[in-house]
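Some notes on the structure that comes next.
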Amino acid sequence: MEPIIRTVDLCRDFPSGREVVHALKDVSISIQPGTLTILRGRSGSGKTTLINLLGALDRPTRGEIYLYDQKISDLPEKKRDELRRTNMGFVFQSVALIGLMSAYENVEFALRVAGYDKKKRKERAEECLEFVGLGNRMNHRPHELSGGEQQRVAIARAIAHRPKVLFADEPTAELDTQMGLQVVKVFRDLVAKEKLTVVMTTHDPNMMELADHVYTLEDGQVIEAI
């Protein structure tokens, strides 16, 4: 099967005073569609740098990134914005929900920003919140929800516009193990039922057995692929 994302000799350097930090070094990976892939590693291993590159949030110093057969690593900024808006969803460690909006309003607002059909926004927002198990909490504001529930609202918001790939950077880092596993179970359901491709970073060993594929990073390099 053709990978949905692949990289070729990906490198990312950052200037640090008079020196250069090699955050990623010649990383070549393939991510299959309809799978949950985990990028694991300690803090500073390069996993967040890698997921930012895969999600077109940053540009590589050298190397190439492909979404299917389209080379996206050197697209102009306007095209990258369009790519993220239409084909990608993002979930971060900080859920970044709008505090004055209910769970439903947070998801519906994201659909407005994405230019989703006005007549279908309500149905789609409710559908996504039902999918993540929050159908009975959609009128609650973020401060009325637990950390795990807030993260599930963030997932509903990220998938509402029907992206091809969902990127999640340390989505369970601020949750206890039980809540974290509930969040990753939502990712597994998205893969199984929606055929969505999910790429997430984590350093939590409890999450590894739920993944289809795991890439382990150390000092900016992939040292193991399972």
Side-chain angles (χ1 to χ4, degrees), residues 5 12 14 21 23-24 27 29 31 35-59 84-85 88-101 103 106-107 109-110 113-114 128-129 131-134 137 140-161 163 165-191 196-220 222:
I5 298 173
R12 185 64 171 100
F14 294 98
V21 175
L24 287 180
V27 171
I29 65 172
I31 294 170
T35 60
L36 169 58
T37 296
I38 285 181
L39 310 176
R40 69 177 296 200
R42 298 177 182 175
S43 178
S45 63
K47 60 186 186 298
T48 294
T49 300
L50 178 55
I51 205 170
N52 286 342
L53 291 172
L54 299 179
L57 295 169
D58 190 18
R59 293 180 182 273
R84 290 192 298 268
R85 189 171 62 251
M88 300 174 176
F90 298 89
V91 178
F92 301 102
Q93 182 175 333
S94 172
V95 293
L97 299 175
I98 300 171
L100 294 176
M101 289 185 176
N106 268 277
V107 178
F109 179 71
V113 171
C128 290
L129 287 164
F131 188 90
V132 299
L134 293 175
R137 305 282 279 169
H140 289 67
R141 293 183 179 180
H143 73 273
E144 299 172 311
L145 302 171
S146 69
E149 288 172 332
Q150 289 181 34
Q151 194 60 284
R152 282 187 276 157
V153 174
I155 294 169
R157 179 181 61 184
I159 65 170
H161 63 294
V165 189
L166 177 66
F167 296 102
D169 189 15
E170 295 280 6
T172 63
E174 297 183 0
L175 306 176
D176 61 35
T177 299
Q178 183 178 359
M179 282 190 172
L181 288 170
Q182 288 176 2
V183 167
V184 178
K185 184 182 181 302
V186 172
F187 292 148
R188 284 256 44 114
D189 288 344
L190 286 167
V191 169
L196 189 63
T197 303
V198 181
V199 183
M200 68 173 279
T201 65
T202 186
H203 58 268
D204 188 343
N206 293 305
M207 306 302 165
M208 299 305 130
E209 63 186 41
L210 297 173
D212 296 303
H213 305 288
V214 178
Y215 288 100
T216 303
L217 284 88
E218 187 175 295
D219 296 329
V222 174

The complete set of side-chain hydrogen bond (donor to acceptor under 3.5 Å, both in side chains) pairs with one or both residues in residues 208-220, sequence neighbours excluded, reads R188-D212
With sequence neighbours left out, the residues meeting salt bridge (Lys or Arg N to Asp or Glu O under 4.0 Å) with D169 are none
Side-chain donor or acceptor of H143 paired with backbone N/O of L100 under 3.5 Å:
no
Exercise for the section: State, with a plain yes or no, whether a side-chain heavy atom of L217 is found less than 4.5 Å away from one of L24. Expected result: yes
Value for CD (E144) from CD (Q150), rounded to nearest 0.5 Å, stands at 10.5 Å
Residues passing the side chain to side chain donor-acceptor pair (under 3.5 Å) test with R85, sequence neighbours excluded, are none
- Message: I want to check something: taking the side chain as every heavy atom from C-beta on, are L190 and F131 in contact at a cut-off of under 4.5 Å?
- Response: yes
**Asked** Side chains of L166 and V91: closer than 4.5 Å at any heavy-atom pair?
**Response** yes
Sorted by chain and number, sequence neighbours left out, side chain to side chain donor-acceptor pair (under 3.5 Å) with R137 holds for H140, E149
Distance col, row T202:OG1 vs M207:CE, nearest 0.5 angstrom, shows 6.0 Å
Residues at least two apart in sequence or cross-chain that pass salt bridge (Lys or Arg N to Asp or Glu O under 4.0 Å) with R40, listed by chain then number, are none
What verdict does the side-chain contact (heavy atoms from CB on, under 4.5 Å) test give for L97 and R157, after you've listed the backbone C-alpha separation in whole Å, the side-chain angles of each residue and the deciding distance to 0.1 Å? CA-CA 9 Å; L97 299 175; R157 179 181 61 184; 3.6 Å; yes
*asked:* Tell me if a side-chain donor or acceptor on Q151 pairs with a main-chain N or O of F92 at a distance below 3.5 Å.
replied: yes
d(L39 CG, L50 CG) to nearest 0.5 Å is 5.0 Å
Applying salt bridge (Lys or Arg N to Asp or Glu O under 4.0 Å) to R59 and not counting sequence neighbours gives E77
> Given side chains that start at C-beta, do those of D204 and E170 come closer than 4.5 Å, heavy atoms only?
Replying inline: no
Close side-chain approach of L54 to I31, heavy-atom, < 4.5 Å:
yes
Applying side chain to side chain contact (heavy atoms under 4.5 Å, CB included) to D58 and not counting sequence neighbours gives R12, F14, N52, L53
For E174, the side chain to side chain donor-acceptor pair (under 3.5 Å) test, sequence neighbours excluded, returns Q93
Of all heavy-atom pairs linking K47 and S43, the shortest is NZ-N, 4.0 Å
**Request:** Return yes when atom CZ of F109 has more than 12 non-hydrogen atoms of other residues, nucleotides or ligands closer than 6.0 Å, and no otherwise.
**Result:** no
The side chain to side chain contact (heavy atoms under 4.5 Å, CB included) partners of A156 (sequence neighbours excluded) come to V107, C128, L129, V132
Value for CG (L145) from CG (L134), rounded to nearest 0.5 Å, stands at 7.0 Å
Do L57 and R84 touch side chain to side chain, with heavy atoms closer than 4.5 Å?
yes
message: Less than 4.5 Å apart, side chain to side chain, heavy atoms only: is that true for L196 and V191?
response: no
Here the pair of heavy atoms bringing I98 nearest to P142 is O-CG, 3.8 Å
CD1 of I38 to NE2 of H203, rounded to nearest 0.5 Å, is 12.0 Å
Can you give the donor-acceptor pairs under 3.5 Å from side chains of residues 178-187 to other protein atoms, not counting sequence neighbours?
unit_1 : atom_1 : unit_2 : atom_2 : d
K185   : NZ     : D189   : OD2    : 3.2

